[in-house]
Undergrad: 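Here it is, the structure, as structure tokens.
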Amino acid sequence: MIGELLIGLLVLFGAVVSALSAFGLVRLPDAYMRSHAATKSTTLGVLCILSGAFLYFMFYLDHVSAKLLLGIVFVFITAPVGGHLNGRAAHRTGVPLWKNSVRDDLSEATKQERQQQQQQLDTMQQEHRQHP
């Protein structure tokens, strides 16, 4: 009885967090905050729901589901990485920050990266001119 209640609360918590994540995806002002809502809170919500399902199968049906375990691991690893890559791609392509943002940690790194790329391009062009 208590186990079912705890599993139900875990699944309910996951569903509420996922719903709040969807709300944040619609309401937040820029791509970076939306990416944060889409990855971190959704990951927590999905992990809670999958964990609840795993616990239910394990305790009440005496079945350890390898598929659910793999799903938990896959979501835990891939969702934050995907969100990070989306944010980094948005920053590299020049998607502006929200007007009230106070900090841009990637701006200096992006400038250095662009300078290195330009130096590499210049070096390749010089080599091409010397050896046509």
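Note that these values count all heavy atoms, side chains included, but never hydrogens, waters or copies made by symmetry. Just so you know, these numbers come straight off a predicted model, no measurement behind them.
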Undergrad: Run through Val75, Leu85, Thr39, Thr43 and flag the one making a side chain to side chain contact (heavy atoms under 4.5 Å, CB included) with Pro80.
TA: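 By the side chain to side chain contact (heavy atoms under 4.5 Å, CB included) criterion, Pro80 pairs with just one of Val75, Leu85, Thr39, Thr43: Thr43.
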
Undergrad: Going by ring pair (Phe, Tyr, Trp, His ring centres under 6.0 Å), name the residues that satisfy it together with Tyr56, two or more places apart in sequence or in a different chain.
TA: Tyr60

Undergrad: Does Phe74 share a hydrophobic cluster with Ile72, counting links as ILVMFWY side-chain heavy atoms below 4.5 Å and allowing steps through other members?
TA: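 Hydrophobic grouping puts Phe74 apart from Ile72.
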
Undergrad: Ignoring hydrogens, what is the shortest heavy-atom contact between Leu10 and Gly52? Give both atom names and the distance.
TA: CD2-N, 3.5 Å

Undergrad: Nearest 0.5 Å, what's the CD-CD distance between Gln117 and Gln119?
TA: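 Spacing of CD (Gln117) from CD (Gln119) equals 11.0 Å.
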
Undergrad: Can you see which heavy atom on Val64 is nearest to which on Met58, and at what distance?
TA: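 Result for this residue pair: CG2-CG, 4.2 Å.
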
Undergrad: Looking at OG1 of Thr123 and CD of Gln118, how far apart are the two atoms once the value is rounded to the nearest 0.5 Å?
TA: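 It is 9.5 Å, given to the nearest 0.5 Å.
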
Undergrad: Is there a path of hydrophobic side-chain contacts, each under 4.5 Å between heavy atoms of I, L, V, M, F, W or Y residues, that connects Trp98 with Val95?
TA: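 Each belongs to a different hydrophobic cluster.
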
Undergrad: From Ser35 OG over to Leu25 CG, what is the distance, rounded to the nearest 0.5 angstrom?
TA: 9.0 Å

Undergrad: How close do Ser18 and Val46 get, heavy atom to heavy atom, and via which atoms?
TA: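 Result for this residue pair: OG-N, 3.9 Å.
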
Undergrad: Does Val17 sit in a hydrophobic cluster with other residues, and if so which ones, taking ILVMFWY side chains as linked at heavy-atom separations under 4.5 Å, directly or through other members?
TA: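 Noted: Val17 shares its cluster with Phe13, Leu44.
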
Undergrad: When rounded to the nearest 0.5 angstrom, what distance separates CE in Met33 from CG in Leu97?
TA: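 Met33 CE to Leu97 CG: 8.5 Å, rounded to 0.5 Å.
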
Undergrad: Just how far is it from atom CD of Glu127 to atom CG of Asp122, taken to the nearest 0.5 Å?
TA: 11.5 Å

Undergrad: Quick one: name the residues clustered hydrophobically with Met124, using the 4.5 Å side-chain heavy-atom rule over I, L, V, M, F, W, Y, and just say none if it's on its own.
TA: none

Undergrad: Distance from His63 atom NE2 to Phe54 atom CZ, nearest 0.5 Å?
TA: 9.0 Å

Undergrad: Which residue is it: Leu61, Asp62, Leu55? I am looking for the one with a side chain to side chain contact (heavy atoms under 4.5 Å, CB included) to Phe59.
TA: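 Checked Leu61, Asp62, Leu55 against Phe59; only one passes side chain to side chain contact (heavy atoms under 4.5 Å, CB included): Leu55.
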
Undergrad: Write down the atom of Arg114, the atom of Arg92, and the distance for their closest heavy-atom approach.
TA: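 So the two residues come closest at NH2-O, 3.0 Å.
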
Undergrad: Any link between Leu9 and Ile49 through a network of hydrophobic side chains (Ile, Leu, Val, Met, Phe, Trp, Tyr) touching at under 4.5 Å?
TA: no

Undergrad: Any chain of hydrophobic side-chain contacts (each under 4.5 Å) joining Val16 to Phe23?
TA: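 Not linked; separate clusters.
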
Undergrad: Between the side chain of Ser21 and the main-chain N/O of Ala37, is any donor-acceptor distance below 3.5 Å?
TA: yes

